[in-house]
Every structure is written in structure tokens, then in C-alpha cells.
Amino acid sequence: MSNTLFINPTALEAGLQAAFSARNKSDERHAAAFERFARAGLPNRRIEGWKWSDFNASVRALDPVEAFASDAVIAPSAFAGLKPFEIQIVNGRVVISDDERPEGLRCGVMDAMATIPELEAHGIVSLNVAMNRKALGLTVEEGVSLARPILIRHINDGAGFSFAQTLIKVDCNAKAQIIETYEGEGAGFYSHLNHMAVRDGASLQRYVMQETGASNIVHAMCAAKVDAEASFDQTSFSSGSALSRHETLVHFWGKDAEASINSAALVGDGRHSDFTSHVVFKEENCVTRQLHKGVAAGRGRNVFQGKFEVERKAQKTDAQMTANALLLSDVAEANHKPELEIYADDVECAHGSTAGALDEDALFYMRQRGLNDREARALLIEAFAGEVVGEITDEGVEAVFRAKVNEWLEAQ
Amino acid sequence: MLNIENLRVSVDGAEIIKGLSLNVPAGEVHAIMGPNGSGKSTLSYCLTGRDDYEVTGGSVALDGEDLLDLDPDERAAKGLFLSFQHPMEIPGVQTMSFVRTALNAQRKARGEDEISAADFIKLIREKAKIAGLDDAKLKRQFNVGFSGGEKKRMEMLQMAMFEPTFAIMDETDSGLDIDALKMVGDVVNALRAPSRGFLIITHYQRLLEYIQPDRVHILADGKIVKSGGAALARELEKSGYEQFIKAA
């Protein structure tokens, strides 16, 4: 690897190149990924799709070094009550619990992806692929219903940058729940790439909880391949961070499959949350429901971008997207971009997007009934975000999500 | 009980209530009747403390205590209740949970203990029966998908639950069928007590067949232009508001 990849490298680029060189001596495929990153760079606001979330501007200001291993004491997860099988990824380093594994789950460290063809133009994904030689691998065996959820805790408490990759396979007719939490008070940049295969007839429920400290910069990409008659249901909560973006890319590779992609963002002053998704319908008769609810307070910023792409072959697609934003101050922001790209002629696809303030009539009604201003506002916000939480079918997970919404409200 | 002295209220710079005085002694039911645009709803919103209703003169006191300096929830905790002309839907908020939160907020503000879950459920079921709402409605989101009549029943259920010191009913009768009107009459008559007062705002005399008012006032152009006994409402029904508007 020469130093000519970057013209006049910034301190960050030089740091990334040094880190790359240190871990990848002679692997051409990873070198190609790094070259793709070097060409694309970190996404910036001049690129459509990134205009509201400029990673280049935020990340380049960071220490151009790798985040150190942490010896911080890690408190039990809010999801501990669900008795999950826990895996921690601390500043990019994987620690698998010594707990007994649920029957039918294989778990270990394996070779990382050397390329993801559909994401080769994605700067951060290319960087992630370049940097990770090894990945966390999880396989739920055919026909197995996992008795306990898998909990992956991404804990970022360092400065500098860190990367991790997870490869998940839910084999035919298997069922699994995966909870991912993004935690930690660090001021670094963390990139996580999650590659999932949901095989024929399988069911995967994924829950994401973005609750890092205010200084964290997080990018998480979940690329899911969903096969015939499979289901992929995802519910995310984000309280944002300095800059956080959770991307979901779903490809329906088989017929009669379904997905739900729901997200609630509660973004306080100075924080930024971005939920971006892209669903590609490649086969017939697939169903998708997407609901986003975003609340921004102070100078908080809530970004939602959703795209449904229906290929010519994907007749009888049924896809609906709704995004609602609530703005709690005059300087809060909601940036929505719903998109439909349809090449099939027999489909039902719709999207709707709204933004507004709290309903003054409802507030007065509640206050006339005895609730003070703070209580009335909190109840309305809880009800607004609660629609997403209400879609969660697992009571235990739902309770934790509700508690997080209330925690956020109390902190306001 | 409720003493309004020379009240003046403006909305967006336009004076709507123009020197209104009214006394409702404890134990009495007074009716305010008036044509559209006479200031009836402005009066109910002003009494309950809604923003944007600017009091430019006069005073309002409940049992000798000035109301105008209090927030809406503080007035509610003093026992002031408004049955809304257009009750709100509150999506995402469960009916039982909302009514219980409101009841407990009022109790807490008065220094009383919160009601237990068991006592609450018993109470709300009993009151729902009186208001003519079935249990299934209580399990739904607050007023969401309710008909106009059901929303008014929900107002009456809350009035029965909260047992207010003073209740203002803003056109509770509008859009109600005969059975529902009778229900409103039953709820009010059951709550009538020497320590409690009511102000019933209406267009029509119909509701007053079920609730015998102690006094009837005619509101026109922001002022009370005539007061009388229950007979005044019947007279109005025959002769209309025209003569009183002219008098104003």
C-alpha cells in the first residue's frame, strides 16, 4: 500500500491509512476496499443522501488514531431482564459471553466480508470492509426457535476510530431475536456493518437502541437479504448523538416475504439522529410496513430517508411508509425524504410525511383536566413516539423501549 | 361561588366579552343562552384559562379566590371543570390511563392521596355505565374514532369522576339525541349539591327540560342582556334572540 492513495492526506486519512497498513499486510481484496474508500472518502453534505448528515465534517475533527481497548466497568444492560445471550463489542473488539449458548445458535469469530457488491460506492462501508479482517459470526440453525434473544452491545468509550462487522445467518424456518445497543460516552467514531441473511421461511426480529453519549459519532449499516416467505422486523430507538446514522438495506430475494422497519427518534438539544433505509423488492408479493416517528427538541436534528425500489419483476408488492415529525422548538429540525421508485405496474405503494408542533388544543384539554404543562407535553410526546413502541410484539422488549422513552422525557 | 365582575376579554385584539357580570351562588344551576358569536365559548375558555384569551378588565373569583392568575391545571385542581363543545381526540393515549392520570394530578395538587388502581377501575366502570359508555370504549385510545355523541358521553363520564366544585358545560347538548340528552340531565342532577355550581351554555331550551335551571341569562354581543327564571328559556324558544340582540 503506497501513500499516494490520498492526495494531500488529512491527519485523519493518514491515520486511517496507517491503521489499515498495520492490520492488512498483503490482502488484495481488503486493499481494493480501502482504495474504494480512498476514492469515495467519507460521505459529505455535497452527496445526495448525506446532505443532512455530513460524516466528513464531523469525523475529520477527531483524533486520527484507533480507539484503545477499554477497561471500563460495563454496567448491566437495560435488556438484562430478558436473559439474553450477550456479546459485547467494546471499541470494536468482540467479547463473547461465557454463558451457555441457546440451543441451535452457533457463534464465533470468522473471516469478514471482503466486499458487499451492492454497497461498493458507500464510503463508510468500504472503509469498514477494508478495516475488518475478522467478524463476529452468528448462525441460527435450521428450524430452531431461539429460546433467548441475542444481545449485541456496541460500547464506545474511547476517542479515535473503531470498526466492527457482524455476519448473521438465520437459516431456513428458524426464528431469532437480536437486540443491538449502541452505548458509551466516548467521543470517537464507530462504524458497524451488519450483514444478515434471513433464509426461506425464517423470522428475524431486530431491535436497535441508539443511546450513546452526546459526543459519539456512529454509523451502523444493516444489510439484510430476505428470502422467500421470510420475515424481517426491525424496531429502532435513537436519542441521537453528535452524529448518528442507522442505515437499513433490505433486499427481498424471494417471494411472499415481509419486513417492517419502524423507528422512533427522540433527539435532544445538539443531537443528531438519522434513520436511512432502502428496501429493494426483487420478487413478487412482498409486504413492507415502515413507520418513523421523530421528535426534536432544542437544536436537535431528526433525519429520515426512506426508499422503496420495486423492480419490474416484483408484482403485487405492498409497501407503505409513514414518517411523522414533531418539533418542540423553533430551531429544531426535521429532514424527511421519502422516495418511491417503481418499475412494476401491479403494486400498492404509498408514502406519507408530516411535520408539526404539539397540538395546542390537546394540550389545553389535558391541562383543563388537571395535568400541568410539563405532564401534558410529556404525555403527548410519549403517545406520539409510543405508536412505534406499540408495534413491538415482545412485551419484555416493549417495556424497555417504553422506559427509554420515559427516561428521555424526564431528562428534558 | 362563581363571581364574574365586569369581565372584558379580547382574542387577537378583538374584544369579545364586553363587561360581563354574573354571580352563580353555591348550589345553583345557571344557564347562559345566546346566538352564535355572542361570546359563549370565549367565556368558557377564558374562565378555564386558555392562552390567547386576554383579559383586559374585570375579575373572576371562585369561592372568593381569584381565578385569573391561575394556570388551567391549577383551576382544575380548585374544582373547575369544562365540558368541551368539541372534545379532543388524543391518539396514542389510553382512555383509562388518561382519566386516571388527570384524576391523580388533581388529587396530588390538592394534597390528597392518589386513587388506587382497584378503586379507580371500580369507579370508572360505575360512571361509564351512567354516561352510557361500554367498557370496550374505556380500553380504546382517548376519544379516537368516537362519534360526536360518544365524545360528549366521555365528557360526562369525566365530570362524574372528578366531581368538580364548579362545572361549565359548553354546548354539551349539541349533536345529542334524546337518550343522550336525558343522560346529561341525569349526570347533572345526580351531582347537584348545595356546595356545587353549574353554568350551562346552550343555544336551545331542550336540555333545560331535563335540568331545571335556577336562573337563565341571555348573552348577546359580549354582555348579559337579560336574566330571569326558567321561564325565560321557554320565552326565548318562542320569540328567538332577535329582540335581545337589538337591545344589546
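Below, chains carry the letters A, B, ... as their sequence lines are ordered, and counting in each starts from 1. Worth saying up front: this structure is predicted, and the values here are computed from it rather than measured.
When heavy atoms are compared at a cutoff of 4.5 Å, B:Arg75 does not approach chain A at all. For B:Phe81, the parts sitting under 4.5 Å from any heavy atom of chain A are the backbone and the side chain alike. Only the side chain of A:Leu380 comes within contact range of chain B, with heavy atoms under 4.5 Å apart.
Contact annotation: the side chain of B:Thr101 never approaches that of A:Glu375 to less than 4.5 Å [non-hydrogen atoms, C-beta and beyond]. Residues B:Arg50 and A:Asp361 are in side-chain contact: their nearest non-hydrogen atoms beyond the backbone lie under 4.5 Å apart.
When the shell of 6.0 Å around NZ of B:Lys151 is examined, it contains more than 12 heavy atoms from other residues, nucleotides or ligands. Within 6.0 Å of NE2 on A:His351 lie more than 12 heavy atoms contributed by other residues, nucleotides or ligands.
Between A:Arg369 and B:Leu82, the shortest heavy-atom contact is NH1-O, 2.8 Å. Listed here is the closest heavy atom pair of B:Pro91 and A:Ala383: O-CB, 3.3 Å. Of all heavy-atom pairs between A:Asp373 and B:Asp73, the closest is N-OD1, 4.5 Å. Pairing each heavy atom of B:Ala105 with each of A:Gly370, the nearest pair is CB-O, 3.3 Å.
Per-residue counts of heavy-atom pairs under 4.5 Å with chain A were compared for B:Asp52, B:Asp51, B:Val93; the largest is that of B:Val93. When B:Ala76, B:Gly49, B:Pro164, B:Pro72 are compared by the number of non-hydrogen pairs under 4.5 Å with chain A, B:Pro72 comes out ahead.
The pair B:Glu74-A:Arg367 fails the salt-bridge criterion, with no side-chain N (NZ, NE, NH1 or NH2) lying under 4.0 Å from an Asp/Glu carboxylate O.
Taking CG from B:Leu80 and CD from A:Gln368, the interatomic distance works out to 6.0 Å, rounded to the nearest 0.5 Å.
Aromatic pair A:Phe364/B:Tyr53: centroids not less than 6.0 angstrom apart.
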